[in-house]
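Below is one structure, written out as structure tokens; comments come after it.
Below, all heavy atoms of this structure are taken into account, side chains as well, without hydrogens, waters or symmetry copies. We count ligands from 1, going down the list as the structure has it; atoms in each ligand are counted the same way. Note that this is a predicted model, so its numbers are computed, not measured.
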Amino acid sequence: LHHAEKLSGFVAVNGRQPVGLITYTIEGGDCEIVSLDSLEAGKGIGSNLIKAVLDLARDKRCIRVWLVTTNDNTGALCFYQKIGFKLVAIHNDTIKASRRLKPTIPELGYDDIPVRDEIELEIKI
Ligand SMILES: CC(C)(COP(=O)(O)OP(=O)(O)OC[C@H]1O[C@@H](n2cnc3c(N)ncnc32)[C@H](O)[C@@H]1OP(=O)(O)O)[C@@H](O)C(=O)NCCC(=O)NCCS
């Protein structure tokens, strides 16, 4: 569980208009991407925000950048693998516990796929 207001991040802007946000946390040589949202698909916003975090993680001498996404988010799984992340673990049925802490997590996600598992991806630096 993360308190979003306490996380560091980068905002992507188009002129003065915010068009994307990435948040992350660094702990013991690991940099976790906690959230990534691009408001204009397919314009390079998501990949440039990831690049900003990779550059920072390299500067801070992290050994890896990692994140989890849910099993239904096939678009994000495509996106992350296309830009170099590798699948490293499937955490089965962990969303049940997350849902107890955050009841707004829906039962059905993208394409009406049941939201059940967390898929962990990483880039080693
Ligand atoms: C996933 C997300 C961050 C991608 O952002 P984006 O700004 O569209 O990404 P980019 O434009 O940088 O795309 C980089 C590459 O990934 C591909 N890509 C992006 N989204 C994709 C998708 N849903 N399916 C397949 N490929 C995708 C792009 O086509 C592009 O490929 P190219 O270099 O060959 O053109 C965005 O769709 C989003 O905010 N989704 C909702 C929130 C979310 O799921 N966040 C991640 C969960 S942890």
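- Remark: among candidates Cys78, Gly20, Ser38, the nearest residue to atom 7 (O) of ligand 1 is Ser38, based on non-hydrogen atoms.
- Closest heavy-atom approach to atom 44 (O) of ligand 1 among the candidates Asn73, Leu77, Leu39, Ile22: Asn73.
- Inclusion of Lys43 in the set of residues having an N or O under 3.5 Å from an N or O of ligand 1 is warranted.
- Polar contact with ligand 1: absent for Thr69 (N/O pair, distance under 3.5 Å).
- Ionic pairing of Arg116 and Asp93 is not present here: no N-O contact between side-chain nitrogen and carboxylate oxygen is shorter than 4.0 angstrom.
- The closest approach between a heavy atom of Leu67 and any atom of ligand 1 is not below 4.0 Å.
- Here NE2 of His91 is found 13.0 Å from OG1 of Thr70. Values are rounded to the nearest 0.5 Å.
- Comparing Phe79, Tyr80, Tyr110 by heavy-atom distance to atom 48 (S) of ligand 1, the nearest is Tyr80.
- Close approach of ligand 1 to Ala41 (heavy-atom distance below 4.0 Å) involves ligand atoms 8 (O).
- Checked by atom type and distance alone, the side chain of Thr23 pairs as donor or acceptor with a backbone atom of Ser35 at under 3.5 Å.
- Nearest heavy-atom pair across Asp72 and Tyr110 is OD2-N, 2.9 Å.
- Shortest non-hydrogen contact noted between Ser38 and Ile45 is OG-CB, 3.7 Å.
- Between Val68 and ligand 1, a contact under 3.5 Å exists for no N or O pair.
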